[in-house]
Each structure stands twice: as structure tokens, then as C-alpha cells.
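This report concerns only the one structure given below.
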Amino acid sequence: MFDLKMIRDNPDAFDAGLARRGLGPMASVIIALDAENRALMTEAQAAQARRNEASKLIGRAKATGNEDEASALMAEVGVLKAKLATFELDIATQTEKLNDLLSSLPNTPYEDVPDGVDESDNVEVRTWGTPRPMAWAAREHFELGEALQMMDFERAAKMSGARFVLLTGQLARLERAIGQFMIDLHVDEHNYAEIMVPSLVRSEALYGTGQLPKFSEDQFRTTGDHWLIPTAEVPLTNIHSGEILEEENLPLRGTALTQCFRSEAGSSGRDTRGMIRQHQFNKVELVSITTPEQSDAELERKTGCAEEVLKRLGLPYRVVKLCVGDMGFGARRTYDIEVWLPGQERYREISSCSTCGDFQARRMKTRCRSKGEKQTRFVHTLNGSGLAVGRTLVAVMENYQREDGAITVPEALRPYMGNIDVIGGSQN
RNA sequence: GGAGACGUGGCUGAGUGGUCGAAAGCGCUCCCCUGCUAAGGGAGUAUACUGGCAACGGUAUCGAGGGUUCGAAUCCCUUCGUCUCCGCCA
């Protein structure tokens, strides 16, 4: 959502931002709608002012028994009332038109975000680690998992259809261990508050973070009035919707481990094998609410927190800055972290860290104010995966696979795995 | 799921159709007084939009949305939420 004043004051800059997203200019249309709307409001408010005044006079006239004056005033107000009804209708129509338009526009990228249309135009920022040498042909995670008889896509499909998985035994435990490990790291060392959030939310929450109205097809919805969250970003970011926060308490950092649900409409045929793209997966999410001044540094910090998970697990990765065309709807700048998958011999996304500026804050009306000030401002919101649990499991399996198909448990996870150091192999 | 009660400003809490954006108290801010401490006096203290260079105005908001009325915090409807009792349930 955009600031109308900003569009009014810098129409060219606004259109330039849209242009980078591949959209045509909108500023003049928006400004015209807004001007029309404000003119209507000014007129309507004048009429309302007179109505309020007259109504008070009626009260006074009645109190003093001046019935003639009262009925004259009532006649005047009757006329105003009819006028006001049409004003209200016009204003409502105009406002809706304007809101529909504004809420469908993606956020404008920051200047340092590279141009480009898809992921091939992303810019590598840094890499960490080197892939382990393997003397055999590296297997993909589903080959390993199925051979271990701990990963079952067919039986999952029996009850739930495609894009679901059944993990059993040590792999189920590994999934759980990875989630615990990540949450503990972010809570104990990165100063995030641990939060348990609802997995079902109302449409207003999805509107607040930008999934609605445009991306309803990507979500699962209940027959009632709820939607399954596609990411904990939704509940975590919406916690403070409608509130005015004290700036001295910012930034607020919250983390949650939740299941995420995505319809994956439009990705049919992509990543059909294995756990990379599922309708349901676990993810640890990192959300920050900051002042406008803090958000740039917070994005770097957050990305670092996510990277730390991979470092502790000894998983090689690289960080890329997304180009304009690959960024999400609400983002102004995004870093993706891509982990090395030996089975695919390529880096795959395992985290995405974004700053949304005040884009979401405007939608959900989260403001801040420094102590003693009267002026409020919209906060900045940031989100990032820290990390996607399922994909981390994939990465652990593929990077730590042994020639015999067993999987070495990374040191950091052993306390969460009953201190075993290998999954499969002779000891299982 | 059944029955009922309630939702007012940072908090407590008045207010059942008229000058109420809203009493009072608490809290908070500023000022005055007071040689510490304590107490006292005065002023101020919501948000958004909008008009104006500004000074200063206007409009809306008493959970939310709609309705009745010349006029609604007050009446009616819908909805969301909270609480109590019963039932059910992890």
C-alpha cells in the first residue's frame, strides 16, 4: 500500500518504481481519483458541518419552546440530508476504486536492487563453504530416504495426494531436531522472542501482509472464514496490527516454528519429486518490526541469523540479492540464501529475507512514535526464513550422505537426536 | 452447540436521544508553590482524514459495519470479541 501524499509529491519517482516492476504508469490516474475524492470530501464535510450546527440549534430551539424556528431548521437539514446521501455514495465508490487500485500494486524496489526479469538476473553476494568431495555419484534426498525406508511419498499420496510426504523413524526425528535447533539458536543467541502463533487466520491478516487480495489462488482456505497460513510471516507480522508502538521498544523480533500451507497453483510440473516443493512444510520464520531508520541494518542482521544456521550445520551456501523481477509482492529488497544440494549439483533456495519498508505497515496500520512526540509514523517490517525445515532436511541428507546410503548427523544436531551420529547404516 | 451478560479515551469508570470527543478518578507531561521527604495549586494529555503559508479550523471515530432520527455512546439489525452457566471435547 502506498502513501497518497508521496505519490502526489513524487509522481515520477512512483511511476519509475512501477516501471522497474514492469508495470505501466499509474500516478496520474491515482492522483486524479484522489483529487476527485478529496474534493467530494471537502464538500460533504461542509454540508455535515452545517447539519451538525443546525441540529444543535434545533435542540436549543426546542428547549426554549421555539417550535417555528425548529421546524424551519428541520426543513433545512432535510435538504442537506438528501445531498449528503449522494455524497456518501460517491465517496464510498471513489474510495473503493482507489483502494482496489492501490492494494493491487506491488511494492517499489529500493534503488540498489538489480534490474532483471527472473532468477537468472539475481546477483550473487557471497558464498560460504565448499561442497564435500564424494567418490560416488551423489544421490538425491528422496533416493536416500526411500532406500532408508524412512521417507514415503506413495503412502502419503494415498491419503493426501501429490506433494505430501510421510517421514518415519530417524528422519522424522531429524525433521523435528532441525526445527528445535533453529528455534533455540534464534531465541538463545539472536535475541528473537519465541512465539506460538495460530495457523488459521482471517482474510484481514493476509491482506495486511499482502497475500490478499491478489494471491488468493496460492492459499488454502477453510469452508469457514479462515485461511491456512502460507508462512508464519502472516501471524507474526500481524501481531501488532492497528497498534501504535513506542520507538524505544523497537526493533521487535519474533520467531515461530509453524507448518506452512501452499496450494502451489502455477507450479505444476516443477520439483514434482521429493520434498523440495510440498503443500505442507515446516518453517522457522524470523520477523522484525523496526523504525524506518533501523530496517536496512536489520535486514543484514536477519540474513546473518539465517546464514548462521547453515554455518552451524556445515552446509555450503550462497547469498544472492534478488533482481526486481524475482522479488515478492511486498518486498523492497530481498536476499535469498541458497544451499548446495549435491544430488542436484546446484544451489537451491532455503531462505528468503526481505524488507518490506512500510508497505505492510500501511496495510495493517502499525505505527510507531518516539516518546514525547505527537507525530506517528508507519513502522518497517521485515521477514525471513530461518530456515525452511524440510529443505534443510534435504540439504543435510544430501550433503552428509555416505557411500552406503547412511547419513551422518551434523554435530550441532546430535543433542537433538539422542546423540546418535548416523542415520541408517549398520547401527540402525 | 444451548442460555445469558458485556464491549466508552493509557487505565478505572460515569453517561439510555440534544450544546458529549465524551464526567470523575488514576496515570503521564509542563508550570507554580514548597529548603530534604511528603503534600498542594494550575494547565495540558486519542487517532485518522481534510482546509489553511500559518495562526487556526472542519469531518469522522464510544469494538466493527449497517439502519432509525432533524440529531445516536445512548434505540434497532448484523458482525467480531470478552465473560458466566450448561453441554461436548484434545
Side-chain angles (χ1 to χ4, degrees), chain A residues 1-9 30-103 196-208 212 221-227 235 238-250 259 358 360-379:
Chain A
M1 192 64 90
F2 293 99
D3 181 7
L4 281 168
K5 279 197 195 109
M6 183 276 286
I7 299 176
R8 245 182 272 153
D9 295 343
I30 291 168
I31 289 171
L33 270 174
D34 176 51
E36 209 176 319
N37 204 15
R38 281 186 302 137
L40 279 170
M41 278 169 77
T42 306
E43 264 194 88
Q45 289 188 357
Q48 282 170 326
R50 175 56 193 161
R51 182 202 60 190
N52 290 347
E53 189 191 6
S55 289
K56 281 182 186 174
L57 291 173
I58 290 169
R60 217 168 294 169
K62 290 217 169 192
T64 56
N66 192 341
E67 289 297 332
D68 287 348
E69 192 186 333
S71 49
L73 285 163
M74 280 163 73
E76 187 194 344
V77 174
V79 175
L80 282 174
K81 227 185 124 178
K83 250 165 92 181
L84 277 172
T86 64
F87 272 131
E88 273 172 31
L89 202 69
D90 290 349
I91 290 171
T93 316
Q94 289 288 331
T95 306
E96 194 185 337
K97 231 193 260 179
L98 197 52
N99 281 344
D100 285 353
L101 186 56
L102 286 175
S103 63
M196 285 288 301
V197 295
S199 296
L200 290 167
V201 296
R202 292 225 186 83
S203 51
E204 300 87 81
L206 284 164
Y207 177 84
L212 291 182
R221 75 199 87 176
T222 68
T223 54
D225 204 20
H226 288 109
W227 303 72
N238 274 283
I239 288 174
H240 297 288
S241 69
E243 298 181 19
I244 299 172
L245 305 170
E246 288 201 19
E247 287 189 11
E248 62 181 17
N249 294 331
L250 303 181
Q259 295 186 318
D358 63 10
Q360 294 178 326
R362 287 179 182 282
R363 292 177 159 243
M364 53 189 197
K365 297 188 170 47
T366 306
R367 295 181 289 259
C368 65
R369 169 168 56 198
S370 66
K371 216 174 170 64
E373 290 284 315
K374 198 170 166 65
Q375 186 74 26
T376 64
R377 320 186 275 169
F378 285 104
V379 298

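Numbers restart at 1 for each chain; the letters A, B, ... are given by sequence-line order, proteins then strands.
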Hey, does the side chain of N238(A) reach the backbone of A205(A) with a donor-acceptor pair shorter than 3.5 angstrom?
yes
Can you tell me how far P of C70(B) sits from CD1 of I58(A), to the nearest Å?
9 Å
In this structure, how many angstroms lie between the C1' atom of G10(B) and the CD atom of E243(A), rounded?
13 Å
Rounded to whole angstroms, how far apart are CE on M364(A) and P on A48(B)?
16 Å
Distance, P atom - from G15(B) to C88(B), rounded to whole angstrom
40 Å
Between P on U50(B) and CD on Q94(A), what's the gap in Å once rounded to a whole number?
15 Å
For I244(A), which contact category applies under a 4.0 Å heavy-atom criterion: base, sugar-phosphate, or nothing?
sugar-phosphate
Rounded to whole angstrom units, what separation is found between the CG atom of L245(A) and the P atom of G10(B)?
14 Å
If only side-chain N and O atoms of R377(A) are considered, is one of them under 4.0 Å from the OP1 or OP2 phosphate oxygen of A48(B)?
no
Once you apply the 3.5 Å cut-off to both distances, tell me the Watson-Crick or G-U wobble partner of U37(B), or none.
none
Please report the distance separating the P of C76(B) from the corresponding atom of G7(B), rounded so that it comes out in whole Å.
13 Å
Distance check, C1' atoms only: C28(B) and G9(B), in whole angstrom units.
14 Å
Rounding to an integer number of angstrom, what distance separates C62(B) and G13(B) when you compare their C1' atoms?
13 Å
Between F378(A) and L73(A), whichever has its closest RNA chain B nucleotide further toward 5' is F378(A)
Determine the minimum heavy-atom distance between I7(A) and I31(A), stating which atoms define it.
O-CD1, 3.7 Å
Both distances under 3.5 Å, Watson-Crick or G-U wobble: report the partner of A55(B), or none.
none
With a 3.5 Å limit on both atom pairs, tell me what U29(B) is paired to, counting Watson-Crick and G-U wobble, or say none.
A43(B)
Expressed in whole Å, how much space separates the C1' atoms belonging to C6(B) and G21(B)?
23 Å
Provide, to the nearest angstrom, the distance between the CG atom belonging to L4(A) and the P atom belonging to A48(B).
15 Å
Out of curiosity, S370(A) OG to L245(A) CG, how far, rounded to the nearest 0.5 Å?
12.5 Å
Write down the partner of C6(B) under the Watson-Crick or G-U wobble criteria, each distance required to be under 3.5 Å.
G81(B)
Could you please spell out the steps behind the side-chain contact (heavy atoms from CB on, under 4.5 Å) verdict for D3(A) and D358(A)?
CA-CA 9 Å; D3(A) 181 7; D358(A) 63 10; 5.8 Å; no
Considering only side-chain heavy atoms of K81(A), which listed nucleotide, U50(B), U69(B), A48(B), is closest?
U69(B)
Check every atom of G21(B), G18(B), A48(B) against the side chain of K56(A) and return the nucleotide holding the closest atom.
G21(B)
Provide the distance between the two P atoms, one in U47(B) and one in C11(B), to the nearest whole Å.
13 Å
When rounded to the nearest 0.5 angstrom, what is the spacing between CD1 in I91(A) and CD in E43(A)?
9.0 Å
Of the listed nucleotides (G51(B), C70(B), A46(B)), which one gets closest to any side-chain atom of R38(A)?
G51(B)
Would you tell me if any nitrogen or oxygen in the side chain of R202(A) comes within less than 4.0 Å of OP1 or OP2 on G81(B)?
yes
Indicate for each nucleotide in nucleotides 53-65 of chain B, in 5' to 3' sequence, whether protein heavy atoms under 4.0 Å reach the base (B), only the sugar-phosphate (S), or nothing (-).
-----BSS-----
When we call it a touch if two heavy atoms are under 4.0 Å apart, what does T376(A) touch: a base, just sugar-phosphate, or nothing?
sugar-phosphate
How many Å lie between CZ on R367(A) and P on A46(B), as a whole number?
14 Å
Could you please name the option among U47(B), G81(B), G18(B) that lies closest to any side-chain atom of S55(A)?
G18(B)
Taking for each residue the nucleotide of RNA chain B bearing the nearest heavy atom, is the 5' side occupied by V77(A) or by E88(A)?
E88(A)
Could you tell me whether the side chain of T366(A) and the main chain of H240(A) form a donor-acceptor pair under 3.5 Å?
yes
C1' atom, A38(B) versus A23(B): distance in rounded Å?
30 Å
From the candidates U69(B), U47(B), C49(B), the one with an atom nearest any side-chain atom of M41(A) is C49(B)
Sticking with atom C1', work out how far U45(B) lies from G66(B), rounded to a whole angstrom.
34 Å
Just by distance, do the side chain of R363(A) and the backbone of Y207(A) share a donor-acceptor pair under 3.5 Å?
yes
Can you check side-chain hydrogen bond (donor to acceptor under 3.5 Å, both in side chains) on D225(A) and S203(A), steps first, answer last?
CA-CA 8 Å; D225(A) 204 20; S203(A) 51; 5.0 Å; no
Rounded to whole Å, please give me the gap between CG in D225(A) and C1' in C80(B).
10 Å
